[in-house]
*Asks:* 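Attaching a single structure in structure tokens format; questions to follow.
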Amino acid sequence: MATEKRKRAFVRSFFTSPTAVEQDDTAKMLRKASQLRGMQAPDVWVPDNEDATAPSMRDEGVENILDVISEHGEDFPGEIHPRVVWHRDDPETRRRGFEHMMRLADPDEGAVQHIDGFVIPEVGAIDDWKKADEFITIVEAEHGLEEGSLSMSPIIESGEAELAMSRIDEEIGKRSNNLERLFLLVDGEVDYTKDMRAMTPTGDLPPWPELRHNTSRAASANGLIAVDGPYDDIRDVEGYHERMTDNRAKGMLGIWSLTPGQVVEANTAPLPPEAGSYLLEIDGETVELDRTEDGGHAYDGDDVELEALGDGRYRLKAGGEERELDEDELQKELRDRTQYVMAMDDYVDSMEEFEEAKAAGKGAISMTRTARLILDGTEVEVTRDRMWDEATYQAAQTPITLFQEVYEARPDQRDELEDTYGEEVVDRAMEVG
């Protein structure tokens, strides 16, 4: 068990797989998951002996976990956190979960050496979290494991559990518990919806932005990591990306992944893009401009028209509105309508420039970016200035710190990262900050 892994600041992908299936080889899905590598391998793999596995097969699921992890756990590139059964209102379910953890942690079985912790579903109030913590403490003591070596990641699936998150900071560090073992706070919106007795006209899950915000806040306040729940429309890649984009704006970088394809999306989406791009706002909608071969950014559509009239004047049609503008007015209009998505080398360049300025005794500097936009065949240069101070620098450091941690923690992904960004940019990214 590598307890130092819990010093991680980021988890991108949380991948569950059933522990036993109705096939000749009941461990087939576990075995396939254990051999994932590169971007298909999650940061956290969760052999799921709860919802993903039929109740009648859960005892066999525990044996499958032991067999597969003892054989493949050493080579698996991410962390391994089995999900056991638990329920805040059912002592019998908690007893079974305890027995399963006791079995999985037996050093003689050869699996616990590669297990980093347990995922605990259906937790309730903070006292219920303490029960799970006490059970794990007993498991460690019974098997002679270092106390605190197995982490605990509760799934927030009830109003009780959501309220409990506000009490974590009061409980961590008390002699009466070992809640320092907390690692991930994982949202489970399906059961949360049931617990809240929520309904929508279509039967779809509510988006629950408040839950995701509260989970991210609790994680930030206590040095933990927030993970969003499953996005079950596995063919809706665009929707999955939109969900992750919204989550990242809340500080929640991790998300549940149900397939290796979703794992790839979850692993790559938080990283800075390979190339920068411009976004153009049109009538409340945002579109990405196409990058031209000569470095311009072109709009290919019918909702914006730009015509040069001569003598520095332009006619702009956008969103059903037509205006005649001079160069300064057009510059302001396009600055208001465009946003720049920074690439990896943009972050590195800007951070290096600020570090040099700070070393020279400057507290803030202005950085200029000029782009050539092509709208309806008409080219115009747009320049924007941005002040960089220490706060701006620290904010820009988050995606770079994420990249640095991924590069260090996941050697199996280094070749893909270098192919994407280039070795020179990767080397500089690992040094900056």
Side-chain angles (χ1 to χ4, degrees), residues 1-3 5-6 14-35 44-76 78-88 90-123 128-155 177-178 181-184 186:
M1 293 158 295
T3 57
K5 287 184 180 178
R6 291 208 294 281
F14 176 95
F15 177 57
T16 54
S17 49
T19 61
V21 292
E22 291 281 3
Q23 295 183 8
D24 292 340
D25 177 11
T26 62
K28 178 179 179 180
M29 300 301 289
L30 276 185
R31 218 176 304 281
K32 288 176 64 176
S34 71
Q35 297 173 51
V44 170
W45 172 37
V46 182
D48 188 350
N49 206 47
E50 197 224 12
D51 281 352
T53 302
S56 62
M57 302 193 73
R58 287 173 183 161
D59 288 341
E60 184 172 359
V62 170
E63 301 307 311
N64 288 342
I65 294 173
L66 290 171
D67 290 344
V68 172
I69 292 180
S70 62
E71 181 179 358
H72 299 287
E74 184 175 2
D75 295 326
F76 187 76
E79 296 195 18
I80 303 174
H81 296 253
R83 178 186 185 184
V84 297
V85 293
W86 186 268
H87 201 283
R88 58 194 174 277
D90 189 344
E92 175 60 24
T93 300
R94 296 196 295 271
R95 182 188 65 79
R96 288 196 70 197
F98 171 68
E99 291 173 349
H100 289 164
M101 288 190 288
M102 187 70 77
R103 177 82 178 118
L104 292 169
D106 185 348
D108 293 338
E109 298 297 331
V112 73
Q113 294 89 330
H114 314 300
I115 290 176
D116 297 277
F118 293 108
V119 174
I120 309 296
E122 297 285 5
V123 292
D128 189 54
W129 297 40
K130 294 179 187 179
K131 291 175 188 174
D133 166 61
E134 180 66 14
F135 279 1
I136 299 174
T137 302
I138 293 171
V139 167
E140 291 168 338
E142 286 292 314
H143 289 306
L145 306 175
E146 179 185 354
E147 186 173 320
S149 60
L150 293 169
S151 73
M152 182 174 87
S153 298
I155 304 183
N177 64 59
N178 190 24
R181 72 171 73 250
L182 286 171
F183 176 43
L184 306 176
V186 185

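Just so you know, these numbers come straight off a predicted model, no measurement behind them.
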*Asks:* Using a 3.5 Å distance criterion without hydrogens, assess whether the side chain of Thr53 forms a donor-acceptor pair with backbone atoms of Thr19.
*Replies:* yes
*Asks:* Any donor-acceptor pair under 3.5 Å linking the side chain of Asn49 with the backbone of Arg58?
*Replies:* yes
*Asks:* Mind checking whether Ile69 and Ser34 have side chains closer than 4.5 Å, heavy atoms only?
*Replies:* no
*Asks:* Starting at CD1 of Ile120, measure out to CE of Met101 and round the result to the nearest 0.5 Å.
*Replies:* 4.5 Å
*Asks:* About how many Å separate CG of Leu104 and NE2 of His143, when rounded to the nearest 0.5 Å?
*Replies:* 9.0 Å
*Asks:* Drop me the distance from Glu79's CD to Asp116's CG, to the nearest 0.5 angstrom.
*Replies:* 4.0 Å
*Asks:* Please name the residue in the list Phe183, Trp45, Phe14, Phe118 that meets the ring-ring contact (aromatic ring centres under 6.0 Å, His included) test with His81.
*Replies:* Phe183
*Asks:* Could you walk me through whether Asn177 and Trp129 satisfy the side chain to side chain donor-acceptor pair (under 3.5 Å) test, starting with their C-alpha distance in whole Å, then the side-chain angles of each, then the deciding distance to 0.1 Å, before giving a yes or no?
*Replies:* CA-CA 10 Å; Asn177 64 59; Trp129 297 40; over 6 Å; no
*Asks:* When you compare the side chain of Ile136 with that of Ser151, does any pair of heavy atoms fall below 4.5 Å?
*Replies:* no
*Asks:* Which atoms form the tightest heavy-atom contact between Val123 and Pro154, and what is the distance?
*Replies:* CG2-CB, 3.9 Å
*Asks:* Quick one, Arg96 and Asp59 - any side-chain contact, counting heavy atoms below 4.5 Å?
*Replies:* yes
*Asks:* Of all heavy-atom pairs between Gly73 and His114, which one has the smallest distance, and what is that distance?
*Replies:* C-CG, 3.7 Å
*Asks:* To the nearest 0.5 Å, tell me how far Met102 CE sits from Glu140 CD.
*Replies:* 10.5 Å
*Asks:* Show the nearest heavy-atom pair for residues Ser17 and Leu30, with the distance to one decimal.
*Replies:* OG-CD2, 3.9 Å
*Asks:* Step by step, work out the side chain to side chain contact (heavy atoms under 4.5 Å, CB included) result for Met152 and Asn178.
*Replies:* CA-CA 10 Å; Met152 182 174 87; Asn178 190 24; over 6 Å; no
*Asks:* For Pro82 versus Gly117, what's the shortest heavy-atom pair and its separation?
*Replies:* CD-O, 3.2 Å
*Asks:* Does any N or O in the side chain of Arg83 come within less than 3.5 Å of the main-chain N or O of Val119, such that one atom is a donor and the other an acceptor?
*Replies:* no
*Asks:* Counting N and O atoms only, with roles assigned by atom type, does the side chain of Ser70 sit under 3.5 Å from a partner on the main chain of Asp67, one being a donor and the other an acceptor?
*Replies:* yes
*Asks:* Residues two or more places apart in sequence or in another chain: which of them pass salt bridge (charged side-chain N to carboxylate O under 4.0 Å, His left out) with Glu99?
*Replies:* Arg95
*Asks:* Tell me which pairs pass salt bridge (charged side-chain N to carboxylate O under 4.0 Å, His left out) where either residue lies in residues 18-28, with sequence neighbours left out.
*Replies:* Asp25-Arg31
*Asks:* So that I can tick it off, tell me whether Glu63 and Arg103 are bridged by a salt bridge, with the cut-off set at under 4.0 angstrom between side-chain N and carboxylate O.
*Replies:* yes
*Asks:* Kindly indicate whether the side chain of Arg94, heavy atoms from C-beta on, has any atom under 4.5 Å from the side chain of Asp128.
*Replies:* yes
*Asks:* Crowded around Glu92 CD? As in, over 12 foreign heavy atoms under 6.0 Å?
*Replies:* yes
*Asks:* Can you tell me how far apart CG (Leu66) and CD (Glu109) are? Round to the nearest 0.5 Å.
*Replies:* 5.0 Å
*Asks:* Heavy atoms only: give me the nearest Ala105-Val139 pair and the separation to one decimal.
*Replies:* CB-CG1, 3.3 Å
*Asks:* Nearest 0.5 angstrom please: Leu145 CG to Asp106 CG, how far?
*Replies:* 9.0 Å
